[in-house]
Amino acid sequence: MASGLVVVNKPGAMTSHDVVARVRRLAGTRKVGHAGTLDPMATGVLVLGIGRATRLLGYVMSGSKSYSATVRLGESRTTDDAEGEVTGGADPSGLAESAITAALGAFHGTIMQRPSAVSAIKVGGKRAYARVRAGEDVELAAREVTIEDLFLGTIERRDGFVDLDIQVTCGSGTYIRAIARDLGEALGVGGHLTALRRDAVGPFTIEGAATLAELTERFGVLPLADAARALFPSIDADPETAAAVRFGRRLDLRLAGVTALFDDGEFLALYEPATPELARPAAVFVG
């Protein structure tokens with residue numbers, strides 16, 4: 001199987017590792033990784049790398065992501081989503097739309113966010129979610145995250161709860177479950193996530209994602225060169241530059257950021273700025 005990316009529309013009730021295992025069987029190789037875990041209840045875009053394309057996954061993970069989510073106000077849960085046990089809550093029926101909108105305003109821009117305890121972050125060498133499931137109390141330190149856009153859609157009041165549909169575009173490391181939890185705390189009623197779909201990871205969108213059923217029927221990958229052009233600015237090198245790239249040498253190039261270099265359509269390497277006037281190899285894919 002050629003190296004490349006596979007953009008999967010992950011179904012609910014499967015872990016990201018389950019999807020990787022399925023694609024390993026379909027691709028006939030164990031060299032498959034994913035760019036950013038999705039919770040089992042979450043659906044949507046999961047980008048997988050096969051073969052040498054696994055080296056691109058770190059760059060994919062560091063890019064922005066877009067989500068559609070439903071937040072339920074009036075109840076807090078251990079996992080900050082619908083799969084956890086109820087830990088508290090208060091009647092949200094008196095919440096005005098203006099109060100909800102004002103509270104959401106605090107989640108724009110660069111903020112400090114405490115990740116959900118049931119997350120894949122390692123604490124003392126062990127995943128936080130494993131410690132929680134073992135009965136431990138886990139309190140993770142807040143970290144800086146960036147929320148580029150947060151839009152409030154419909155508000156529905158039913159069964160004693162207030163359900164909000166929101167759309168979020170954010171940077172790496174942001175937990176949408178934590179937004180639901182923190183919004184509920186800010187409004188004094190508790191909150192958790194009841195639905196989550198990842199709509200985009202960088203340039204890869206839900207419209208271009210394949211279901212596992214579609215991949216089972218017809219498996220294919222986005223070739224490594226096409227993936228690199230989608231992810232990075234690109235330069236088609238002249239013969240002298242291409243020869244230097246093949247040896248992993250520094251180049252007299254002014255780059256604004258990580259850039260893909262090609263030689264007559266062949267993807268050679270990723271280069272990054274070393275100084276304002278020099279570029280150094282970040283990852284070489286030939287030789």
Side-chain angles (χ1 to χ4, degrees), residues 12 36-39 41-45 62-121 128 132 137-202 205-206:
T37 301
L38 276 177
D39 296 330
M41 70 165 277
T43 64
V45 177
S62 65
S64 65
K65 303 171 181 66
S66 296
Y67 297 88
S68 298
T70 301
V71 176
R72 170 156 288 184
L73 297 176
E75 189 176 74
S76 55
R77 294 188 175 231
T78 53
T79 57
D80 302 328
D81 62 28
E83 297 187 338
E85 298 178 0
V86 177
T87 59
D91 181 9
S93 60
L95 288 175
E97 182 175 342
S98 58
I100 295 170
T101 301
L104 281 171
F107 295 92
H108 285 84
T110 300
I111 64 172
M112 296 300 293
Q113 183 187 73
R114 176 170 52 86
S116 297
V118 185
S119 70
I121 295 173
V132 171
D137 291 327
V138 176
E139 184 78 13
L140 297 173
R143 56 183 61 188
E144 189 176 273
V145 300
T146 300
I147 299 176
E148 300 160 27
D149 290 301
L150 195 162
F151 296 103
L152 174 62
T154 60
I155 300 176
E156 188 170 350
R157 301 172 188 270
R158 61 182 178 186
D159 303 325
F161 299 108
V162 177
D163 289 343
L164 315 175
D165 287 331
I166 62 173
Q167 290 183 311
V168 183
T169 300
C170 56
S172 178
T174 305
Y175 284 84
I176 310 302
R177 283 181 292 158
I179 294 176
R181 176 201 66 210
D182 293 343
L183 178 62
E185 290 179 358
L187 292 168
V189 296
H192 68 276
L193 207 64
T194 61
L196 179 65
R197 186 182 76 180
R198 188 152 67 193
D199 297 319
V201 177
T205 65
I206 192 74

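These numbers come from a predicted model, not from an experiment.
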Original post:
With sequence neighbours left out, which residue pairs that include part of residues 86-96 fulfil the side chain to side chain donor-acceptor pair (under 3.5 Å) condition?
Top reply: Ser76-Thr87, Asp91-Ser93
**OP:** Specify the closest pair of heavy atoms between Ser66 and Thr169, including all atoms of both residues, with the distance to one decimal.
**Re:** OG-OG1, 3.2 Å
Original post:
Should Leu164 and Leu183 count as side-chain neighbours, where that means a heavy-atom distance under 4.5 Å?
Top reply: yes
Subject >> Inter- and intrachain pairs under side chain to side chain donor-acceptor pair (under 3.5 Å), touching residues 99-110, at least two apart >> reply: Thr110-Thr146
Original post:
Counting only N and O atoms by type, is there a donor-acceptor contact under 3.5 Å from the side chain of Arg158 to the main-chain atoms of Asp163?
Top reply: no
**OP:** Applying side-chain contact (heavy atoms from CB on, under 4.5 Å), run through Cys170 and Ile176 and close with a yes or a no.
**Re:** CA-CA 9 Å; Cys170 56; Ile176 310 302; 4.3 Å; yes
**OP:** Identify the two heavy atoms, one from Glu148 and one from Gly171, that lie closest to each other, and give their separation to 0.1 Å.
**Re:** OE2-N, 4.0 Å
**OP:** Kindly write out the residues that satisfy side chain to side chain donor-acceptor pair (under 3.5 Å) with Glu75, not counting sequence neighbours, or none if the list is empty.
**Re:** Arg77
**OP:** Might you point out which heavy atoms bring Ala180 and Leu193 nearest each other, and give the distance in Å?
**Re:** CB-N, 3.8 Å
Subject >> Minimum heavy-atom distance Leu187-Ala103, with the two atoms named >> reply: CD2-CB, 3.8 Å
Subject >> Residue pair Asp199 / Ser68, side-chain donor-acceptor N/O under 3.5 Å >> reply: yes
Subject >> Under the side chain to side chain contact (heavy atoms under 4.5 Å, CB included) test, residues paired with Thr43 that sit two or more places apart >> reply: Arg197
**OP:** Give the minimum heavy-atom separation between Ser116 and Ala178, together with the two atoms involved.
**Re:** OG-N, 3.9 Å
Subject >> Non-hydrogen side-chain atoms of Ile100 and Val162 separated by less than 4.5 Å >> reply: yes
Original post:
Does a side-chain heavy-atom distance below 4.5 Å link Asp165 with Glu156?
Top reply: no
**OP:** List in chain and number order the residues that pass salt bridge (Lys or Arg N to Asp or Glu O under 4.0 Å) with Arg198, two or more places apart in sequence or in another chain; answer none if no residue qualifies.
**Re:** none
Subject >> Set of residues satisfying salt bridge (Lys or Arg N to Asp or Glu O under 4.0 Å) with respect to Glu97, sequence neighbours excluded >> reply: none
**OP:** Any chance you could lay out the side-chain contact (heavy atoms from CB on, under 4.5 Å) test for Thr79 and His192, step after step, and finish with the verdict?
**Re:** CA-CA 8 Å; Thr79 57; His192 68 276; over 6 Å; no
**OP:** Give, for atom CD1 of Ile147 and atom OG1 of Thr174, the distance between the pair rounded to the nearest 0.5 Å.
**Re:** 5.5 Å
**OP:** Run the salt-bridge test on Asp80 and Arg177 with the 4.0 Å N-O cut-off and return the result as yes or no.
**Re:** no
**OP:** Indicate yes or no: at least one non-hydrogen side-chain atom of Leu196 is less than 4.5 angstrom from one of Asp81.
**Re:** no
Original post:
Taking all atoms of both residues into account, what is the closest heavy-atom pair of Leu38 and Tyr67, and its distance?
Top reply: CD2-CE2, 4.5 Å
